[in-house]
Number of protein chains: 2
Amino acid sequence: MKNNLKVERAIHNLTQADLAERIGVSRQSINAMEKNKYVPSTVLALKIAKLFNKPVEDIFFLEETD
Amino acid sequence: MKNNLKVERAIHNLTQADLAERIGVSRQSINAMEKNKYVPSTVLALKIAKLFNKPVEDIFFLEETD
DNA sequence: TCTATATGTAAAGTTTGTTTTACATTTGAC
DNA sequence: GTCAAATGTAAAACAAACTTTACATATAGA
């Protein structure tokens, strides 16, 4: 799975730490997500999508290998 | 987080085992999801949403406590 | 150049997702 | 009422999410 987090953060002018705080996870978790080090839970995806006012599918994308 | 899985399965006439097979998890995982025993990964949410042709937000819902 | 802020990364630890096996209970068709 | 299919559940084991601490690198502004 890939994601758009970096772009969305840029649009909303948020640092990784800002975003982490907003959705209640550690900054390292946001960093790892952006670097595709792991797949977040659906709760996190929903929270992030809500914060950015976009559907989950506009931020997280399935890949062939998923 | 809550979800609509049971309803969506009914609409599409799928058993828990059917759904599990379609998205590549165990039947127990589907059962546990439906009973809100755990929060699935975003990859699973995306696969389920894709299968049912609906946005993730139409199937999985944040709650106050999330 | 010095400093502050943002990002990358790593290791260890805790919690939670997910599988496997196995069995009990429910439900519907016959 | 029987039988098969579907669902509920549980325990053990493993994999992955997520946290904390800590440090290194990059970047931009004074």
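Letters A, B, ... are given to chains in the order of the sequence lines, protein chains preceding strands, and every chain is numbered from 1. Since we're looking at a predicted model, the values are computed, not measured.
The distance from atom CG of A/Leu19 to atom C1' of C/dG8 is 16 Å, rounded to the nearest whole Å. We find that CD of A/Glu34 is positioned 7 Å from P of C/dG8, with the value rounded to whole Å. Rounded to an integer number of Å, the gap from B/Ile23 CD1 to C/dT18 C1' is 12 Å. When rounded to the nearest whole Å, the span between CG of A/Leu14 and P of C/dA6 equals 11 Å.
Each end of the helix from C/dT1-D/dA30 to C/dC30-D/dG1 yields a helix axis from five base pairs, and these two axes differ in direction by 50° (to the nearest 10 degrees).
When each of A/Arg9, A/Lys2, A/Lys6 is paired with A/Glu34, the salt bridge (Lys or Arg N to Asp or Glu O under 4.0 Å) condition holds for A/Arg9 and for no other.
For residues 23-42 of chain A, there are no ring-ring contact (aromatic ring centres under 6.0 Å, His included) pairs, not counting sequence neighbours.
Between atom CG of residue A/Asn31 and atom CD of residue A/Gln28 there is a gap of 7.5 Å, rounded to the nearest 0.5 Å. Taking CG of B/Asn53 as the start and CG of B/Asp58 as the end, the distance is 11.0 Å to the nearest 0.5 Å. The NZ atom of B/Lys37 lies 11.5 Å from the OG atom of B/Ser29; values are rounded to the nearest 0.5 Å. Here CZ of B/Arg22 is found 8.5 Å from CZ of B/Phe52. Values are rounded to the nearest 0.5 Å. Here the CG atom belonging to A/Asn4 is positioned 11.0 Å from the CD1 atom belonging to A/Ile48, to the nearest 0.5 angstrom.
One N or O on the side chain of A/Asn3 and one on the backbone of A/Met33 form a donor-acceptor pair closer than 3.5 Å. Not a single donor-acceptor pair under 3.5 Å links the side chain of B/Thr42 to the backbone N or O of A/Val39.
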Q | Base-contact (B) and sugar-phosphate-only (S) positions in nucleotides 10-17 of chain C, heavy-atom cut-off under 4.0 Å, - elsewhere | A | B------S
Q: Produce a footprint string for nucleotides 25-30 of chain C: one letter per nucleotide, 5' end first; B if the base is under 4.0 Å from any protein heavy atom, S if only the sugar-phosphate is, - if neither.
A: ------
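For the residue pair B/Ala49 and B/Pro55, the shortest heavy atom distance occurs at CB-C, 4.1 Å.
Among the protein residues, A/Ser29 comes within range of the nucleic acid bases, having at least one heavy atom under 4.0 Å from a base atom.
Contact footprint of chain B on DNA chain D: nucleotides with an atom under 4.0 Å from a non-hydrogen protein atom, first to last in 5' to 3' order, D/dA6 to D/dA10.
The residue among A/Val25 and B/Asn31 whose nearest nucleotide of DNA chain D lies closer to the 5′ end is B/Asn31.
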Just list the side-chain donor-acceptor pairs under 3.5 Å for residues 59-66 of chain A, sequence neighbours left out, or say none.
unit_1: A/Glu63; atom_1: OE1; unit_2: A/Met1; atom_2: N; d: 2.9
unit_1: A/Asp66; atom_1: OD1; unit_2: A/Met1; atom_2: N; d: 3.0
unit_1: A/Asp66; atom_1: OD2; unit_2: A/Met1; atom_2: N; d: 2.9
unit_1: A/Asp66; atom_1: OD2; unit_2: A/Glu63; atom_2: N; d: 2.7

Q: Output, in order, the C-alpha distance, side-chain angles, deciding distance and verdict of salt bridge (charged side-chain N to carboxylate O under 4.0 Å, His left out) for A/Arg27 and A/Glu21.
A: CA-CA 8 Å; A/Arg27 179 180 68 81; A/Glu21 195 183 2; over 6 Å; no
(Q) For B/Lys50 and A/Glu57: C-alpha separation, side-chain torsions, deciding distance, then whether salt bridge (charged side-chain N to carboxylate O under 4.0 Å, His left out) applies. (A) CA-CA 10 Å; B/Lys50 184 178 179 186; A/Glu57 282 89 346; over 6 Å; no
